[in-house]
Amino acid sequence: MSTDAPSTPTEPDTPSSRVRERARRRGESLRSSDRRSVLRPGDGPMVILDGVSKEYTSDARGLDDVTLSIESGEFVFLVGPSGSGKSTFIRLLIKEFEPTAGSITVGGRNLQRLRRSKVPYLRRSIGCVFQDYKLLAGRTVYENVAYALQVIGENPRSTRRKVPEILALVGLSDKSDRYPNELSGGEQQRVSIARAFVNHPRLLIADEPTGNLDPETSIGIMQLLYRINRTGTTVIMATHDREMVDKMQMRVIALENGKVVRDQRQASYARADS
Amino acid sequence: MSTDAPSTPTEPDTPSSRVRERARRRGESLRSSDRRSVLRPGDGPMVILDGVSKEYTSDARGLDDVTLSIESGEFVFLVGPSGSGKSTFIRLLIKEFEPTAGSITVGGRNLQRLRRSKVPYLRRSIGCVFQDYKLLAGRTVYENVAYALQVIGENPRSTRRKVPEILALVGLSDKSDRYPNELSGGEQQRVSIARAFVNHPRLLIADEPTGNLDPETSIGIMQLLYRINRTGTTVIMATHDREMVDKMQMRVIALENGKVVRDQRQASYARADS
Amino acid sequence: MRVRFFFAEALRSIRANAAVSVAATVTVLIAVFILGAFIPSFLYVQSTVDSQKNRLDIRAYISDSATVSQVNGLKTQLDALQANGQVASYTYVSADEGLEELRGRLQDPSILDELPSNPLPAKFTVIPSDPEQSDQIVASLQDSPAIDEELGIDYGEETADKLLTVARFIQWAGLGLISILLVASILLIGNTIRLSIFARRREVEVMKLVGATNWFIRWPFVIEGIVCGLIGAALAVGLLWAVKITVVDTWIQGADSALTRDEATAIAFPLLGLMLIASGAIVGALGSGITLRRFLKV
Amino acid sequence: MRVRFFFAEALRSIRANAAVSVAATVTVLIAVFILGAFIPSFLYVQSTVDSQKNRLDIRAYISDSATVSQVNGLKTQLDALQANGQVASYTYVSADEGLEELRGRLQDPSILDELPSNPLPAKFTVIPSDPEQSDQIVASLQDSPAIDEELGIDYGEETADKLLTVARFIQWAGLGLISILLVASILLIGNTIRLSIFARRREVEVMKLVGATNWFIRWPFVIEGIVCGLIGAALAVGLLWAVKITVVDTWIQGADSALTRDEATAIAFPLLGLMLIASGAIVGALGSGITLRRFLKV
Ligand SMILES: Nc1ncnc2c1ncn2[C@@H]1O[C@H](COP(=O)(O)OP(=O)(O)OP(=O)(O)O)[C@@H](O)[C@H]1O
Ligand SMILES: Nc1ncnc2c1ncn2[C@@H]1O[C@H](COP(=O)(O)OP(=O)(O)OP(=O)(O)O)[C@@H](O)[C@H]1O
Ligand SMILES: [Mg+2]
Ligand SMILES: [Mg+2]
């Protein structure tokens, strides 16, 4: 039906005007959420991986000698078969664990040299949609999203303003008092997306954010990501959605067995020559 | 690449010959797993819903007056937007909770009249792939799959034979000693699939079993489901994978806000007239 | 074969949930250790008090002018009371024996040396079966002509009352404290097991959804409870044994007769140990079995 | 404002994890109740024994032939010893007072009525500051000419030794048992809190991944620990108070002087209550704070 939406991101419908409104407020919000950010400002590459490997155990290799860089403001798809290392890549960027070899730089900061006490500030500057959602089971939808703002010390008034706004954007306004186990799979996924967006991070990472969403909702989410990207946010998205990737024609990094097998601008899901 | 595979299910490659081998042993296995099955044999409808509604709370409606029947041996896709009631439908079939109205019959058994102590036997006759996998965190891949056999009292020798067989089929032979949290999202999903298949249930229900799988692996799983269906097993699959549904041209039940809005044989993901 | 499977499952679970198993085991250990330290202490104190209570004898003073037949008449009466069970035993104490006895009881026996002659009369010392029934014995002996009219029959009403009060206090207070400890132990162990199962409730839920029957899920948990209970109780008994050998036994040897006099009292250690270990296992089993019920209703 | 947020979080968590909070609270309740029942019992027994120990007086018998100046010389010596702190107090006991005293000490005072005359000498009763130093006092008084040569100075070496042994035993055994209970309580509470945080480890992990600092996560848990500790301890103190009023107080009133004689002993209840509640809160706070560390390393 509306599968062409991502390519026309400025049509004047309601969600879109909300997004523009949000973008307008962005300058102020960025400052507040970046108050103690460890990311260095500037236009250098947002992410640099240099010979990065991650061996979980001697026989489980997540990433294998990956070298690449992602510029500020880029939109990157991460594709590859199940178990190829997409989630490993993402988890390295938020320093969930250390690489076994190589060095990673995010926003001008070498992650190996980042002190443990600074890691929370790194994570606040990165919005992350987790593949398994990682919602707080004891909190409602509203509280889950608000938590990301409370963590950065946002004042309660602006929290009360921002959270319903972002929930409306992902279509969950009427479910804000539900607990995660009272939601459908796709609804939980959208809560995770809302939480990652809510404090306007400079880097947005999404691990298969549309895996449990129907095509139409997926397109809505893609529109959202695209618009956020247009305001200057770097977006990295792991996905299996061939249709989506083909339509967007953005940079595609393809992994296989932990190795980068393709890194191409304006590309499709599958190799052009196949 | 090989997106046409599901329609040619009898090509002589290795996984396929394994599947035939499995089908050959099926008679014996069926008997052992059905030893105390509560499902009645016979060729009547496998699933009958009669005016079934499920209200979680007064403002959260999962299913709304659904009446339909699914014959033994059918292959049914369940589609619909996020939150439309697909998982609710599936959870009602395994008696995870009771409907608030209407009656459900599975394999000739009225679920309301099924005594609580018989529920485990119902669930053993149904293989279920859960949307959130529901793996046992403290058990390895092998043990997770074996558990489904141990539950029905399968003897250890045949367990040791069947589990590696099914793990090979979903491509996880080399990861059988890993724990779920040491697997990628897609790998966990495949463990859940293996567990649902392993004791050859008469009814197989899969809740978005390919949500976290790349297109190629998805096709492999679909082939598997299709072949299992061909040996007489009824298969119900909730999915968002438009491409897959369009290719298979099977019966499609479309839900929206808990209501059946379309129930069509040999159909596509979207309404034919749209 | 099923049994072996359940045991294997229980051991697997103990290993996989080490933190939880250790917590349960430690709780049992502590609870059993405390019970094992308090029960014998209480029994010891109790038996000491009891032996004091048994010293509550009745003294029937014999008149200097009593004839032998009168004294024999009194003796016959005492035999009769002994026969019907009211009197545990009695002895005749001559005047000289009485003086020696007094000497032994005085804090400062030297004052007796100052006595010009033995002022004490002869007497029967009667030990009643139940000190609380002394009055009746006294009443039945009172009219015997052998009894000294002035001194009569003495059973230290006041002292006896005090001692009986203390004995009753120690008995009830001790029983109260032990009961509190017992109830507390069971609550604590149950609490820990409840938490440990709570931590694995999702696991139980998944098992149900895969078609496991309640007992199929429950047995490994019950066995796990038994194993943790057994290990915890055994460790506690071992610890108690170590404390007994190193502290209590050497102390008793070092101390003079002041306390050891009233021993042969404390419950035999092996019996106590066995009882404690058994109760650890039972509490563990019941704790997991009962707690699990809540999470099996899926 | 931050503080209010942390408090709100803690209360939210207590409500959301009712099972867990109740378990922790019950554990604190039980532990504090047991401590609160045993500490005063121990102090009571201890002070009873102590007051017995203080009765270990030294008796310096005065010769019938001593002159007034000799007796005054002995008195001067005693004053000097009292001045340097070795003697707590002393009193002169005439022969008649001595007989009365003996009468009070005998189980069967009637035998004294048979005495033809008072055989007892006059004496000084000296109460040493520390009964264990009696020897030295005796040594320094020994040579006074006022002392009766035959009776000399008596301080009941044997009895004193026995009593001191018993006192030391009760003191150490009591301290040992209370220490065991204290350590056990802390272990048990820590155990429960560990389990309760273990049950929520995934929650903590997610918070870390969303960018919460360690203290941002820790404060609500610490406050939760304090609240559970406070509530548990307060309930225990309430229960103790109820037991004190209904059981102990009526018992003390009912019982005669046998035990109440040595009271003014037990620690004041309000003080005890406050201490118990405070320690409940502290243990709760430390328990959660420390346990959490393990799960914060994501
Ligand atoms: N904790 C772990 N311990 C051991 N091996 C692991 C662990 N986590 C992941 N792996 C392995 O590392 C490889 C890459 O995993 P990763 O999660 O990055 O894959 P992925 O590309 O995200 O796959 P999917 O699309 O299925 O989510 C997989 O083979 C996986 O089995
Ligand atoms: N436990 C619950 N309590 C209240 N509402 C619930 C509960 N579970 C599901 N719902 C609601 O019921 C509706 C149907 O949920 P269901 O999980 O069946 O959707 P679904 O079709 O599986 O969606 P998805 O594709 O996102 O998984 C949703 O709106 C959901 O919010
Ligand atoms: Mg992944
Ligand atoms: Mg669903």
Side-chain angles (χ1 to χ4, degrees), chain C residues 19-20 22-24 26-27 30-31 33-34 37-38 41 59 61 98 102 105-108 110-111 113-117 119-121 150-151 154 156 159 161-163 165-166 169 172-173 176-177 180-181 183-184 187-188 191-192 194-196 198-201 247 251 254-259, chain D residues 19-20 22-24 26-27 30-31 33-34 37-38 41 59 98 102 105-108 110-111 113-117 119-121 150-151 154 156 159 161-163 165-166 169 172-173 176-177 180-181 183-184 187-188 191-192 194-196 198-201 243 247 251 254-259:
Chain C
V20 170
V22 167
V26 166
T27 304
I30 291 174
F33 181 81
I34 289 179
F38 275 86
S41 309
R59 275 144 286 125
Y61 295 106
L102 177 61
R105 274 226 302 279
L106 284 181
Q107 195 168 17
D108 170 18
S110 55
I111 56 167
D113 298 342
E114 300 158 37
L115 293 175
S117 70
L120 299 176
E150 247 180 73
L151 294 170
D154 181 20
T159 322
D161 275 0
K162 278 185 196 169
L163 192 60
T165 309
V166 173
F169 170 67
W172 288 115
L177 287 179
I180 290 175
L181 283 179
V183 170
L187 281 180
L188 283 174
N191 222 352
T192 310
R194 182 162 342 126
L195 266 185
S196 87
F198 179 79
R200 286 179 277 169
R201 64 198 178 286
V247 181
W251 187 85
D256 63 18
S257 48
L259 287 137
Chain D
V20 170
V22 167
V26 166
T27 304
I30 292 174
F33 181 81
I34 289 178
F38 275 86
S41 308
R59 276 144 285 124
L102 178 61
R105 275 224 302 278
L106 285 182
Q107 196 170 16
D108 170 18
S110 57
I111 56 167
D113 300 340
E114 301 158 36
L115 292 176
S117 72
L120 298 177
E150 246 183 74
L151 294 170
D154 180 20
T159 322
D161 275 359
K162 277 185 197 170
L163 192 59
T165 309
V166 173
F169 169 68
W172 288 115
L177 288 178
I180 289 174
L181 283 178
V183 170
L187 281 180
L188 283 173
N191 222 353
T192 311
R194 184 162 340 128
L195 266 185
S196 87
F198 179 78
R200 286 179 276 171
R201 64 198 179 286
V243 169
V247 181
W251 186 86
D256 62 19
S257 48
L259 286 138

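Note that the structure is a prediction, hence the values are computed from the model and not measured. Chain A is the first sequence line, chain B the second, and so forth, proteins listed ahead of strands; every chain is numbered from 1.
- Inter-residue side-chain proximity for D/L181 and C/F38 is flagged as met; some heavy-atom pair is nearer than 4.5 Å.
- Annotation: side-chain contact (heavy atoms from CB on, under 4.5 Å) contacts of D/V22 (sequence neighbours excluded): D/V26.
- The side chain to side chain donor-acceptor pair (under 3.5 Å) test with C/T27 singles out one residue from D/T192, D/T27, D/N191, and that residue is D/N191.
- Taking each heavy atom of C/L195 and D/S196 in turn, the nearest pair found is CD1-N, 4.2 Å.
- Every side-chain contact (heavy atoms from CB on, under 4.5 Å) that D/V243 has, sequence neighbours left out, goes to D/F33, D/V247.
- The nearest pair of heavy atoms linking D/A184 to C/I34 is CB-CD1, 3.6 Å.
- Heavy atoms closer than 4.5 Å to chain D are found in both the backbone and the side chain of C/L188.
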